[in-house]
Number of protein chains: 2
Amino acid sequence: MTDAHDLLFKTLADPTRRAIFERLCRSGEQTVGALTTHAGVSQPAVSKHLGVLKQAGLVRDRHEGRQTHYSAQLGALAPLVDWTKEMAGFWESRFDDLEDLLKRMDQ
Amino acid sequence: MTDAHDLLFKTLADPTRRAIFERLCRSGEQTVGALTTHAGVSQPAVSKHLGVLKQAGLVRDRHEGRQTHYSAQLGALAPLVDWTKEMAGFWESRFDDLEDLLKRMDQ
DNA sequence: GAAATCAATAACCCGTTGGCTATGGATTGA
DNA sequence: TCAATCCATAGCCAACGGGTTATTGATTTC
């Protein structure tokens, strides 16, 4: 039911939340305040998103004084990659566009 | 805002809907009736999910008499693969677990 | 010590979503 | 032709999710 795939897809489905994660991937560790500046939503909203991301294992937090630094955890994306590969595997060579996808996955 | 990634993640975030897509990947083309048998929800619910999947380009439909056959379109997963690779790219070699993810992506 | 800053939580609001039943249009079969 | 089947749509409802403001606890700064 609520397996790892569910958690990942649900967590990444919201554009605001995904943007926060993308920012952490691009620019590395950042405080809640820094993230709030660019998020376009209020600080509590950002904190809530970070909480969801953390629960999905997509971010880590590090407390330093009164501020909290968050950083992306790329490894948490593994189930997503696995799922995609599994779906591709089921298809085997059933359709032509499979090749395109496989090419894409092999860099 | 509502770009390709959004559509994909949102569409795949629902477990029932994702299960339908997975089934189409595993077992190939199927009618709405066949899918309804295993979906655990009503036929209208299945039709609605198929509509969402179709809008995301994840399935195709083929009408044959009074029944409609649906099949998965693996190519539609490409943006998801690209996004994952992009996130991984941003990280470059910043953390150790990146290697694990890259290994996983290269089969 | 008092004031200000940072981030998390609480409480609330509202739009979206996923489910249902009911219905209808199209096709098949008797 | 009439009944039955298949699927899509409509209409409704309850639950969930993401946003807000208000508040509080910690920490820093003056």
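Each chain gets a letter, A, B and so on, in the order its sequence line appears, and its residues count up from 1.
- From A/L58, atom CG reaches atom CG of A/L7 across 8.0 Å, with rounding to the nearest 0.5 Å.
- Whole-Å rounding puts the B/I20 CD1 to C/dG18 P distance at 11 Å.
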Nucleotide by nucleotide, nucleotides 3-10 of chain C touches protein heavy atoms under 4.0 Å in the pattern (B base, S sugar-phosphate only, - none) -BBSBBB-

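- Taking NE2 from B/H69 and CD from B/E29, the interatomic distance works out to 6.0 Å, rounded to the nearest 0.5 Å.
- The two residues B/T36 and B/V41 make their nearest non-hydrogen contact at CG2-O, 3.8 Å.
- Within the 3.5 Å criterion, the main-chain N or O of A/T11 finds a donor-acceptor partner in the side chain of A/R17.
- Each of A/H49 and A/G65 was matched to the nucleotide of DNA chain D holding its nearest heavy atom; the match closer to the 5' end belongs to A/H49.
- Between B/F9 and A/F9, the ring planes are tilted. Angles from 30° to 60° get that label.
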Evaluate A/K54 against A/L50 for side-chain contact (heavy atoms from CB on, under 4.5 Å), listing each step before the verdict.
CA-CA 6 Å; A/K54 183 181 173 185; A/L50 288 168; over 6 Å; no

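- Neither A/V52 nor A/L12 shares a network with the other; the hydrophobic side chains, linked directly or stepwise wherever heavy atoms of I, L, V, M, F, W or Y lie under 4.5 Å apart, form separate groups for each.
- Within the model, atoms CD of A/Q55 and NZ of A/K10 stand 13.5 Å from one another, a figure rounded to the nearest 0.5 Å.
- For DNA chain D, the outermost nucleotides in 5' to 3' order that have an atom under 4.0 Å from a heavy atom of chain A are D/dG18 to D/dT28.
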side-chain contact (heavy atoms from CB on, under 4.5 Å) assessment of A/L80 paired with B/L80:
CA-CA 9 Å; A/L80 198 150; B/L80 196 151; 2.9 Å; yes

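- Remark: the backbone N or O of B/E64 is not paired with any side-chain donor or acceptor of B/T68 at under 3.5 angstrom.
- Taking a pair as Watson-Crick or G-U with both hydrogen-bonding distances under 3.5 Å, the stems of three or more pairs touching DNA chain C are C:1-30 with D:1-30.
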